[in-house]
Amino acid sequence: RSAGGWFIESPFFPYILVMTSHMLLRSPVTVTACPRACGSRGASSRGGFGRFPLQAVTSPSSSSSSSSSSSGSPGKSMMQSVDDDAWLPNFRADQVPFETAHEDWSTSSWREKQQLQQPTYLDEDALQAATDELRRMPPLVFAGEARTLTEEVARAGRGEGFLLFGGDCAESFLEFSADNIRDTFRVMCQMGVVLNYGGGLPTTKIGRMAGQFAKPRSADTETIDGVELPSYRGDIINGPEFTEEARIPDPQRLVKCYYQSAATLNLLRAFANGGYAALGRTGSWEMDFVKGTSQGQMYTDLASRVDQALEFMAACGVDVENTASSTSFWTAHEACLLEYEGAFIRKDSTSGLPYGTSAHLLWVGERTRQLDGAHMEIMRGIANPIGVKVSNKIEDQELVDLCNCLNPENREGRLTLITRMGAGLLKKELPRLINVVRDAGLNVTWVADPMHGNTETSSSGYKTRRFDNIRQELEEFFEVHEAEGSVPGGIHLEMTGRNVTECTGGGVGVTDENLNENYVTHCDPRLNNQQALELAFVVAGYLRKRRNAA
């Protein structure tokens with residue numbers, strides 16, 4: 001502790017003051033990232049978690065004047081300025097979707113639009129207090145990071161890279177632990193190595209983490225044994241327990257979500273930059289329950305080849321320890337809960353543009369992508385890379401209008417279209433969407449979500465997905481793009497690093513009869529580590545085939 005405040009000499013812990021407790025934040029605190037600790041990573045523009053220019057953390061209760069300056073009525077436009085790129089060179093025009101903010105857009109203009117999939121809060125004052133607190137909090141991610149991710153999304157759209165989205169269907173408070181975060185991060189690193197080495201393309205790893213809490217529902221209520229209650233909409237809104245008290249939307253869950261997200265990001269940043277993700281550790285990432293399986297043996301063989309390649313590089317004089325000691329890792333989630341997302345819109349002082357600072361990339365779901373809706377209104381105004389889930393239900397002109405609305409200047413890397421249709425149907429419908437986009441001259445990055453179109457109820461009564469159907473939809477995704485001469489830019493999976501039994505099939509051999517052995521999801525079924533790794537090898541084969549044909 002210096003005379004001017006706390007000084008943390010580490011690249012991993014600027015977020016520690018955010019995540020610990022309100023006790024630490026009873027007075028204004030300044031956090032400064034140490035250039036000595038961050039080293040070259042502190043000034044680098046390549047990685048998602050490579051720099052920490054966090055300027056200040058202000059206590060929610062530090063002073064009434066501070067509170068009044070950053071909060072107000074929901075109808076007013078409030079956009080806190082964040083000096084997040086003080087150490088970085090000026091941004092380039094091609095890194096942002098537009099050079100000036102839309103004149104007909106504000107941080108609160110979404111309130112004038114139709115708001116679907118939103119809870120009804122009984123205590124408006126409590127909701128206002130919670131969102132005011134969030135507006136005073138530091139951002140979870142920075143604009144400069146989002147711009148770098150935009151470049152990587154653009155690269156994938158050109159066929160020069162590949163996007164790997166992965167993580168929980170919905171994060172929960174109950175299952176929050178360092179082990180679960182580590183296991184998901186680890187399996188994504190494993191998959192990244194498989195895609196990098198086997199597919200021959202740089203892979204951008206994007207976790208459905210640190211914010212994937214809210215879930216849209218097909219009905220506002222659910223009925224069990226004749227009792228009807230509000231639907232569970234994710235831990236950020238209400239609880240999964242089927243009781244009247246648990247299903248009441250609680251505004252304080254938004255604040256709890258923020259602190260859990262900050263803690264998750266803190267650990268992810270440490271894993272990404274602290275040596276855990278070093279390429280030399282690829283062999284040590286293997287999980288016990290995967291060892292002895294065919295997928296485990298394939299991964300072990302690949303890790304051995306990576307080690308040999310690193311040894312060769314070192315023998316040639318390459319500083320492998322420093323050049324391969326960290327990785328880039330980004331976060332993304334569905335921007336479903338409008339009050340939460342609206343509270344994290346901040347003005348970037350470098351570009352002067354508004355950014356959604358709850359995640360590096362945000363997407364709109366199939367149920368909330370209406371052109372005149374509140375979700376699209378928020379998304380069109382922020383400068384992050386963004387995604388939209390689309391299915392066979394979208395009309396041709398609607399797709400063109402959607403792309404023009406979200407990416408009016410047609411910049412590469414701005415817009416990702418995430419297809420979700422189901423095995424068999426994607427092969428019939430995707431060519432139409434590709435041709436509509438191509439004929440209109442639109443720049444998009446195509447990503448496949450093979451999960452949501454393949455959900456079914458098993459004979460044992462569990463909500464599940466068949467591995468064979470998931471694999472088939474991915475295969476159709478690559479085959480269609482090959483036939484159309486377009487670019488398959490990535491995959492989007494609901495998965496976990498845990499040994500769950502939620503999706504049937506795959507090399508692990510989960511059947512309907514043993515789904516109950518470790519079925520722990522609060523929402524949709526997820527691939528386990530072995531099933532996810534098996535898909536990575538399938539995708540790597542298609543990427544290698546595409547590369548060899550080029």
*Asks:* Using a strict 4.0 Å threshold on nitrogen-to-oxygen distance, state whether R147 and D348 make a salt bridge.
*Replies:*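 Salt bridge: yes.
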
*Asks:* Is a salt bridge present between E175 and R498, judged by a nitrogen-to-oxygen distance below 4.0 Å?
*Replies:* yes

*Asks:* Does one side chain, of D235 or Q260, offer a donor that lies under 3.5 Å from an acceptor on the other?
*Replies:* no

*Asks:* For Q531 and R526, does a side-chain donor sit closer than 3.5 Å to a side-chain acceptor?
*Replies:*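 Distance-only check fails for Q531 and R526.
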
*Asks:* Does the ring center of F242 lie less than 6.0 Å from the ring center of Y232?
*Replies:* no

*Asks:* Which residues pass the side chain to side chain contact (heavy atoms under 4.5 Å, CB included) test with Y197, sequence neighbours left out?
*Replies:*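 By the side chain to side chain contact (heavy atoms under 4.5 Å, CB included) rule, Y197 matches L302, R305, V306.
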
*Asks:* Do the charged groups of R466 and E456 touch, with an N to O distance under 4.0 Å?
*Replies:* yes

*Asks:* Any chance the side chains of T457 and K463 put a donor and an acceptor closer than 3.5 Å?
*Replies:*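 Not at all, the side chains of T457 and K463 share no donor-acceptor pair under 3.5 Å.
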
*Asks:* Between R208 and D168, is there a salt bridge with N-O shorter than 4.0 Å?
*Replies:* no

*Asks:* What class does the angle between the rings of H360 and W330 fall in, given that below 30° is parallel, 30 to 60° is tilted and above 60° is perpendicular?
*Replies:*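 H360 vs W330 ring planes: perpendicular.
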
*Asks:* For the residue pair S460 and D512, confirm or rule out a side-chain donor-acceptor distance under 3.5 Å.
*Replies:*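 No.
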
*Asks:* Should the pair D183-R186 be classified as a salt bridge under the 4.0 Å nitrogen-to-oxygen rule?
*Replies:* yes

*Asks:* Is the H492 ring parallel, tilted or perpendicular to the F165 ring (thresholds 30°, 60°)?
*Replies:*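 The rings of H492 and F165 lie parallel, inter-plane angle below 30°.
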
*Asks:* Does this structure show an ion pair linking R465 with E494, if we count only N-O contacts that are shorter than 4.0 Å?
*Replies:* yes

*Asks:* Relative to each other, are the rings of Y276 and F185 parallel, tilted or perpendicular (30° and 60° limits)?
*Replies:* tilted

*Asks:* Using the side chain to side chain contact (heavy atoms under 4.5 Å, CB included) rule, pick out the option among R155, E160, E152 that qualifies with P202.
*Replies:*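 That would be R155.
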
*Asks:* Within the structure provided, determine whether L515 and T504 are in side-chain contact (heavy-atom separation under 4.5 Å).
*Replies:* yes

*Asks:* Indicate whether the side chain of S358 and that of E341 have a donor and an acceptor atom separated by less than 3.5 Å.
*Replies:* yes

*Asks:* Mind listing the closest non-hydrogen atom pair of N514 and T501 along with its distance?
*Replies:* O-OG1, 3.5 Å

*Asks:* Would you confirm whether the ring centroid of F173 sits within less than 6.0 angstrom of the ring centroid of F213?
*Replies:* yes

*Asks:* Using a strict threshold of under 4.0 Å (side-chain N to carboxylate O), is an ion pair present between R136 and E133?
*Replies:* no

